[in-house]
Student: 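Supplied in structure tokens, the structure appears directly below.
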Amino acid sequence: MADISIPGVTASKYKTEELIEGLMKLERVPRERADEDLQTYKKQQEAWRQLSRHVSTLRDSVRTLYSYNNPFSEKTAESSDSGAVTATASREAQDQNFSVSVSQVASADSFLSKEIPENGTVEKGTYTFTVGDKKLEFEWKGGSYSDFVTALNRRGGDMLRASLIKTAPGERALLIESLKTGADQRLGFENSALDFALETGLITKNTSAAVSIQEQEAVVPPASSKTMDFSSQVKASQGYVLEYTVSAERQEAGTEETPEGTVPTEPQLQKPGEITYSGITIVNAKSETALTEETAPPPPPAPVETNSVLALRSTRGAAIPLPDIPESGEEKFTIQLNEFGNVDALLVNNKNTNRSVKISNIKIYDPATAGDYTPVNPVSVAKDAVIKYEGITVTRPTNTIDDLIPGVSISVHDTVEKPVSIDVKPDTETAKEAVISFVANYNRVMAEINILTQNKPEIITEIQYFTPEETENAEEKLGMMQGDMTLNTLKSALQRITSNPYTADDNSEFRLLSQIGISTRADSGGGLDASRLRGYLEIDEGRLDDALENSMQSVKSLFGFDSDGDLVVDSGAAVEMENNVAPYVQTGGIFATRTSGLATRITETERRIAQMDQQLEAKEASLRQKYSQMEGALNRLESQSESISNFSRNRSSQN
């Protein structure tokens, strides 16, 4: 019996599938070519986008080199002892060197209580805490120390905070800290908080003998002095502070006149007579009397101007100078007496001939004492930062002092005996990093152009900084845009810009990038190096460091300067490069036009491929239908042939 063949279901013994596939393969050739074009367009589009990103990065780096925020105007401040004093400098700071010594670091009140039971409670009441002129007051309904600390921290804000410190099994201590530094930011307790602070041993009643000055105010006229004795000797070990306010008032010099109608106390002799004849003058001799001859008054003393007026008297009788008084106006001084040894009086020696000196609000106090109370276990006490800037004592409530030197902020960290030197100068490291970044971005663009326009595998192997993924991507793009005029024009422009001279004025020290160590070095000795002919820039760090260290402004002018005096930077290597690459990467620029054109081609090709797919699908369906019909006809003919053969065999067997 013949095999049964069902068209479209069983394998065809006539190999129609192979015939159809062969015919369809020929039909798919245009579609495959279109797909290859599509992949090429997509790769080219991505290549243009990658190049655009690299050129945009280059544009940003060169714009930085001449913009208002250019790195050549940045300043740095180096400290000879960064553990004690550091400083930061803004672009407005002047190049300078100054010294700072730290007598005292600003701190805040931080009080530790005695040991308190772990399961202790805080009584209800109105709890009032003060820090300087700020006040925190809240009603407490009573509860555990933990809940009290939580409530205090929730309300404390930027004033104060509290914490519980475990000291022993079952025992803790309470720590309350002010969050504000400065002598005026004392931590105080009122109402129930005062009782609580005394009970827990945060503070105690101050029983130490106070040191005072009998006169709280004095005006010392010109050319006079005054001694203001302390009620008792102040020892350096006590750590007391002297506060006073001083001002100087200039006085107009008076004139002396003889009152009208005053009778002379001695006879007045008339001036001797004289006669002049023919240009000759004859003067009579003076009268001879027993009266004393009138003498001219002595000349007034030379004016004296000095601000060194105040001093402390040591217990040995020596005068120890205090800071100078102000030229005019009023100024408050806070003096750490532990720096002056043992003293017992304030001396005012006003040598000025036309200024009187007024000193007021004088007081001597223990900085650890808060009014009538003193902390029992002070972790720190509220103090101002006290420094000497070029020998001048400066007091500030915080450890950051930014109002002393224009453009410079000083940060105090620790006391130091020797002056700390602060050197404000151009920030060469920031400038160097910006230049290196520019060269790196330039070389990345140059490498991308070389890969796209040349079919030389060594271009890729020469680049050591590529990752494996970047190397693979570069191999796919190698020579993709050979002969492209856009890329060749861009490459030529970049090479021309880096080799052109730029002169800001007659005093310009540098005219070429090679003079500060930036060049292709293609003409250097040692034989021909093909990699140096591809347009990459190299940096001679020694020459660059020397240029930045000694001629920062000349380096700045090399990259960008104002050529016509309109206060706009319009010339220089960085300006020229930014102007040349901008048309390529700006909105609607050359690269955007290229990628947009490729996007149109991609869309058209995808639409054409879709149409081809529909046509191929219809063609394949038509072929399958026709071959199916052919197989059916052949199967029927074969069946008829088989029937005839069977009939003939049957007839032969009957005969």
Student: Please enumerate all residues that pass salt bridge (charged side-chain N to carboxylate O under 4.0 Å, His left out) together with D546, with sequence neighbours excluded.
Tutor: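 Residues passing salt bridge (charged side-chain N to carboxylate O under 4.0 Å, His left out) with D546: none at all.
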Student: Can a salt bridge be assigned to the pair R28 and E21 using a cut-off of 4.0 Å between side-chain N and carboxylate O?
Tutor: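 The answer is yes: the pair qualifies as a salt bridge.
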Student: Would you indicate whether the side-chain heavy atoms of F559 and I516 approach each other to under 4.5 Å?
Tutor: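 They are in side-chain contact.
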Student: Using a 3.5 Å distance criterion without hydrogens, assess whether the side chain of N441 forms a donor-acceptor pair with backbone atoms of F438.
Tutor: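 A pair under 3.5 Å: no.
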Student: Just verifying a value: how many Å separate I539 CD1 and I518 CD1, rounded to the nearest 0.5 Å?
Tutor: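 One gets 5.5 Å once the value is rounded to the nearest 0.5 Å.
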Student: For E617, check side-chain hydrogen bond (donor to acceptor under 3.5 Å, both in side chains) against everything at least two apart and list the hits.
Tutor: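 Expected list: none.
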Student: Nearest 0.5 angstrom please: K477 NZ to T453 OG1, how far?
Tutor: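 Spacing of NZ (K477) from OG1 (T453) equals 11.5 Å.
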Student: Check whether any side-chain heavy atom of V575 lies under 4.5 Å from a side-chain heavy atom of N579, and answer yes or no.
Tutor: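 Yes, at least one pair of side-chain atoms sits under 4.5 Å.
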Student: Identify each donor-acceptor pair in which a side-chain atom of residues 390-400 lies under 3.5 Å from a protein atom, sequence neighbours left out, and give them as a table.
Tutor:
| residue | atom | partner | partner atom | Å |
| --- | --- | --- | --- | --- |
| E390 | OE2 | S99 | N | 3.1 |
| R396 | NE | D403 | OD1 | 3.0 |
| R396 | NE | D403 | OD2 | 3.3 |
| T398 | OG1 | T400 | O | 3.0 |
| N399 | OD1 | A106 | N | 2.7 |
| N399 | ND2 | A106 | O | 2.9 |

Student: Between S421 and N97, does a side chain to side chain donor-acceptor pair (under 3.5 Å) hold up when you go through it step by step?
Tutor: CA-CA 7 Å; S421 177; N97 182 277; 3.2 Å; yes
Student: Should we count OH of Y68 as having more than 12 external heavy atoms under 6.0 Å?
Tutor: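 No, the 6.0 Å shell around OH holds no more than 12 heavy atoms from other groups.
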Student: Is D427 reaching over with its side chain to a backbone N or O of T76, donor-acceptor style, under 3.5 angstrom?
Tutor: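 Pair absent, no side-chain N/O of D427 close to backbone of T76.
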Student: May I ask you to test the T471-I460 pair for a side-chain heavy-atom distance under 4.5 Å?
Tutor: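 Result yes, sub-4.5 Å side-chain heavy-atom pair found.
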Student: Please confirm whether R59 makes a cation-pi placement over Y584, using NZ or CZ under 6.0 Å from the six-membered ring centre and within 45° of the ring normal.
Tutor: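 No, R59 does not sit over the ring of Y584.
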Student: Taking the side chain from S79 and the backbone from V85, do they hold a donor-acceptor pair closer than 3.5 Å?
Tutor: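 Answer holds: yes.
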Student: Using side-chain heavy atoms (C-beta onward) and a distance below 4.5 Å, is Y442 in contact with I497?
Tutor: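 Contact flag for Y442/I497 side chains = no.
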Student: Under a 3.5 Å threshold, yes or no: a donor from one side chain and an acceptor from the other, between E509 and S551?
Tutor: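 Note: E509 and S551 side chains meet the donor-acceptor criterion.
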Student: Does the side chain of E74 reach to within under 4.5 Å of the side chain of R91, using non-hydrogen atoms?
Tutor: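 Yes, their side chains come closer than 4.5 Å.
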Student: Salt bridge check, R53 against E46: does any charged N sit closer than 4.0 Å to a carboxylate O?
Tutor: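 Salt bridge between E46 and R53, a charged N being under 4.0 Å from a carboxylate O: yes.
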Student: Are K626 and M630 side-chain neighbours, meaning at least one heavy-atom pair lies under 4.5 Å?
Tutor: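 Not in contact.
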Student: Parallel, tilted or perpendicular: which describes the rings of W48 and F591, with under 30° parallel and over 60° perpendicular?
Tutor: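 Tilted: the ring planes of W48 and F591 meet at 30° to 60°.
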Student: Do N450 and K491 get their side chains close enough for a donor-acceptor pair, meaning under 3.5 Å?
Tutor: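 Yes, because at least one side-chain N or O of N450 sits under 3.5 Å from a partner of the opposite role on K491.
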Student: Assess whether a salt bridge exists between E448 and R444, defined as any Lys/Arg side-chain N lying under 4.0 Å from an Asp/Glu carboxylate O.
Tutor: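 Looking at R444 together with E448, the answer is yes, because their closest N to O distance falls below 4.0 Å.
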Student: Is any NZ, NE, NH1 or NH2 atom of the basic residue among R496 and E576 found under 4.0 Å from an Asp or Glu carboxylate oxygen of the other?
Tutor: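 No.
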Student: Looking at CD of Q104 and OG1 of T415, how far apart are the two atoms once the value is rounded to the nearest 0.5 Å?
Tutor: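 Going from CD on Q104 over to OG1 on T415, the span is 9.5 Å.
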